[in-house]
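Encoded as structure tokens, the structure appears first; notes follow it.
Bear in mind the structure is a predicted one, so any value in this text is a computation, not a measurement. Proteins come first, then strands; the chains are lettered A, B, ... in the order of their sequence lines, and each starts at number 1.
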There are 4 protein chains.
Amino acid sequence: MTQLTPVAVLGASGRMGSEAVKAIRNSPDLTLVAALGRQDPLEELIAAGAQVVVDLTVPESTERNVAFAVEHGLHAVVGTTGWDEKRVAGLRTLLGANPGVGVLIAPNFALGSVLATAFAARAARYFESVELIELHHPDKVDAPSGTAERTAALIAEARRDARMPGSPDATQSARDGARGCDVDGIRVHSVRLRGLVAHQEVLFGGVGEQLTIRHDSFHRESFMPGVLLGIRQVGSHPGLTVGLDGYLDLQA
Amino acid sequence: MTQLTPVAVLGASGRMGSEAVKAIRNSPDLTLVAALGRQDPLEELIAAGAQVVVDLTVPESTERNVAFAVEHGLHAVVGTTGWDEKRVAGLRTLLGANPGVGVLIAPNFALGSVLATAFAARAARYFESVELIELHHPDKVDAPSGTAERTAALIAEARRDARMPGSPDATQSARDGARGCDVDGIRVHSVRLRGLVAHQEVLFGGVGEQLTIRHDSFHRESFMPGVLLGIRQVGSHPGLTVGLDGYLDLQA
Amino acid sequence: MTQLTPVAVLGASGRMGSEAVKAIRNSPDLTLVAALGRQDPLEELIAAGAQVVVDLTVPESTERNVAFAVEHGLHAVVGTTGWDEKRVAGLRTLLGANPGVGVLIAPNFALGSVLATAFAARAARYFESVELIELHHPDKVDAPSGTAERTAALIAEARRDARMPGSPDATQSARDGARGCDVDGIRVHSVRLRGLVAHQEVLFGGVGEQLTIRHDSFHRESFMPGVLLGIRQVGSHPGLTVGLDGYLDLQA
Amino acid sequence: MTQLTPVAVLGASGRMGSEAVKAIRNSPDLTLVAALGRQDPLEELIAAGAQVVVDLTVPESTERNVAFAVEHGLHAVVGTTGWDEKRVAGLRTLLGANPGVGVLIAPNFALGSVLATAFAARAARYFESVELIELHHPDKVDAPSGTAERTAALIAEARRDARMPGSPDATQSARDGARGCDVDGIRVHSVRLRGLVAHQEVLFGGVGEQLTIRHDSFHRESFMPGVLLGIRQVGSHPGLTVGLDGYLDLQA
């Protein structure tokens, strides 16, 4: 008989947390042993016998939650934001003192989005031109999206490493903003449209050809396959992993 | 036996003109009776027995060419730019004095592009959001494209007529240019990519749905079906028509 | 002060009906005066003072509901299926006896989908090639979709009227099904993919150019703008109208 | 001063060969030392001092050409088809006897196409659903395309390795061909449209999300960056490499 992995969720009543509770309950190889809200003491994780803790709380409490898990030998899958360099450095030290414990911090759990970004970074050096279009619902307050900023930065880095010049552009007269914004030398365009959720297209162009990598996120539940993949693999990845792509097999 | 329509081309050695000569020669219902360059006298049009004159010359000579045709009872299909309001007014007067003669001035002969613009204008009033993306080769010197400017202006006009507010947009913080440029209240984004020719996408968004109208122009020869359609129909459209959509049957 | 239009919904507890109740309540120019389930007597429509009745019930009851409305001088907007030729003929007779009453029967209330189909039919005669791709969630039991069948039939009709030959196709060896199915001479391809809802793309191709008309339906609520448009306009369209496009202004 | 690499082209008067001659001439790090047609003796390769031989001939002569190159210590970049298992085995034996010599056999030199296929194979195991659409000009005689067959086979292999079931599909009633053809368990749809050249879209779907990898080939010259990359790298890849992706850096 296969052993079920006992999993606990922190932030279980939040939007992401309640989706995670549902997804874990529907997974035949996992068993949900605790679903904690903000008032519940962390000691319940121990009492419940959790082996993996999923932290989907708020920036204010995530550092304390993860530290508690690591100190008690529990693996942690973290979707909460707020992990700046200082916090990450502290966590690395803590993990050094607790070998065998794994922590995954993932700013994005949508498998398709993580893959799209990874592929775009790998393709970046092989095309003369590259631009990025991100499309979101019109209630979004910032432009471009954080995912677009990260993708553009990775593309720019790959092109610098390959000593490539910027994408060609003969524009002499343009209306303000027509050519998008400049993220690290890469042109990024932000569309806002009622009906959309979160979408991104990376366009690569060479003589006579185009490569397009597009990701569409239609629902919040698109994050759950990534959360489950993290839960299943965190135990075999001791130490800190930042980014779900660290768990994906992207090689030939 | 069907009568062939005798056609003459002005500017026959130019890029568009030589394509037109080829297209006319390949059309079983047309016969090419004259192919004139800039040095050739216009009187040859009469001698050759042309009924339809295709003007694909330069802004400096198009006005004189069309006036000559109209005064001699020849229909004209005009792809040359440079027809400002003053010239158009003069031509209307001349056509008033020559009833039965037809002239088509078309800034764009690509059927797909003309249809895409016409459809976009008709759809404009039925969606909360609209934005426009145009994509061209990186040697283009202006942004956005003339076609994008015209399309956006027609969409804006249709929305004003229907007393619609602007597309919703909650953006509070943005990098310069991220949200594109503003053409008459419509957001337009210009992509420049090696490998592309001329492409345009109009995106309409409403609650839970999206309508996309896209046109791709891969080659200059895409203009020829529109030129042939103009040649065949100009005789049955006396007076001045501006825009190939005036000859298209877009109604139910 | 503007008069609010009093509206009643039949089938108010169904999936479409409950969305309609919500949409009417959120419309400042409409007032919901009755929301009836299957047990409620139709006489309540009169008592409530409804002027427009929205029928979102089942094929078994829709004919009786609409007849009741027409006989009492109420306009009707009908989204229920099951209106075969015989029923439609009966309704026309009834409307002849009740001049001034309007009925709209709409198989599809998604404005974008209705517009996409209308545009595709108008574009059909101007391109050498046309094919259709429809994409749906993988729980759909039939292929191709009803919307794809209708769109293909309208395209085929337009091309027959223009005496066009079939789309060119030099295929000599093919795996079974590679070239899609044949609907009235038009090739249609059905994609089934987890994550999707209902999407359709009509591809037109000519020498050197492509025109693409795509509609994405992400949610059931995408039907509500069309339902509201029907409610607002049914009073000024006496007699029977089949298809929401009859209410759309698609002309220049 | 940098040494220029001396390159020879076999099949220099063919369509691919003449493009290659042009591309090599335009490359500042390469020098064209021989451009041979079918009548020219292979000994000219030696006399000209070639270090890299590009074979763009016909299936009948490619085996002899490559053997000659390897035996004389020249690296070879091969775009000719016809390399079945027996020929490949013979070549491996020959290369074993000539260590240090590199041969690249590439069925496809379009970088974007090679990358798209490689990415699709890597993404295959992470999505519940996958289908493939390939779009070509209507003069193509086979369906689906060879590239689509290869891509589907690689996706199928990756999914078998990960012990995944087939893509979900509840279709019960369908017109013949609606759901495309079956290549190794993967659904493939072939579109034929005037105006197109060669295009492919791999669609991956999961709960709430979609990943699309699309490649467009607009011109034959799109193969040249891949040919040049092969010429530059074949010297540092001794032995046989099949597929241009063996030279691409696709890892993190």
Side-chain angles (χ1 to χ4, degrees), chain A residues 19 23 26 108-128 154 158 161-162 197-226 228-229 243-252, chain D residues 19 23 26 108-128 154 158 161-162 197-226 228-229 243-252:
Chain A
E19 292 280 352
N26 288 333
N108 189 346
F109 277 110
L111 284 175
S113 175
V114 171
L115 286 166
T117 297
F119 293 156
R122 277 156 187 72
R125 79 187 63 186
Y126 297 110
F127 294 90
E128 192 179 341
L154 287 169
D161 287 353
V197 179
H199 315 256
Q200 182 170 303
E201 231 174 44
V202 186
L203 309 178
F204 293 103
V207 174
E209 70 168 340
Q210 184 179 356
L211 174 69
T212 305
I213 300 172
R214 178 177 174 119
H215 180 254
D216 296 275
S217 191
F218 301 120
H219 287 301
R220 190 171 300 113
E221 52 189 8
S222 71
F223 297 118
M224 289 310 124
L228 296 177
L229 187 147
L244 187 60
D245 50 323
Y247 284 21
L248 301 183
D249 180 9
L250 298 180
Q251 313 192 356
Chain D
E19 292 278 352
N26 289 331
N108 188 347
F109 278 110
L111 284 176
S113 175
V114 171
L115 286 167
T117 298
F119 294 156
R122 278 156 187 75
R125 81 187 63 183
Y126 296 111
F127 294 90
E128 192 178 344
L154 287 170
D161 287 353
V197 180
H199 315 255
Q200 182 170 302
E201 230 175 44
V202 186
L203 308 179
F204 294 103
V207 173
E209 69 167 342
Q210 185 179 359
L211 175 68
T212 306
I213 300 173
R214 177 176 175 118
H215 180 254
D216 297 275
S217 192
F218 302 118
H219 288 300
R220 191 173 299 114
E221 54 188 7
S222 71
F223 297 119
M224 288 309 126
L228 296 177
L229 188 147
L244 187 60
D245 49 324
Y247 284 20
L248 300 184
D249 179 10
L250 297 179
Q251 312 191 357

At a 4.5 Å cut-off on heavy atoms, which part of [X] comes close to chain D: side chain, backbone, both, or neither?
X: A/Ala118; result: neither
X: A/Ile213; result: both
X: A/Phe223; result: neither
X: A/Ala123; result: both
X: A/Phe119; result: both

note = Heavy-atom closest pair (A/Ala116 atom, D/Leu211 atom, distance to 0.1 Å) is CB-CD1, 3.8 Å

ask   = Which atom names give the shortest non-hydrogen contact between A/Glu209 and D/Ser222, and what distance separates them?
value = CB-CB, 3.8 Å

Option in A/Ser217, A/Gly206, A/Ala110, A/Gly208 with maximal non-hydrogen atom pairs under 4.5 Å from chain D = A/Gly208

ask   = Counting heavy-atom pairs under 4.5 Å to chain D, which of A/Leu111, A/Asp216, A/Asp245, A/Leu115 comes out on top?
value = A/Asp216

query = So, do A/Leu229 and D/Tyr126 sit near enough that their side-chain heavy atoms are less than 4.5 Å apart?
reply = yes

message = I'd like to verify something: which residue of D/His215, D/His219, D/Met224 has the highest number of heavy-atom pairs under 4.5 Å with chain A?
response = D/His215

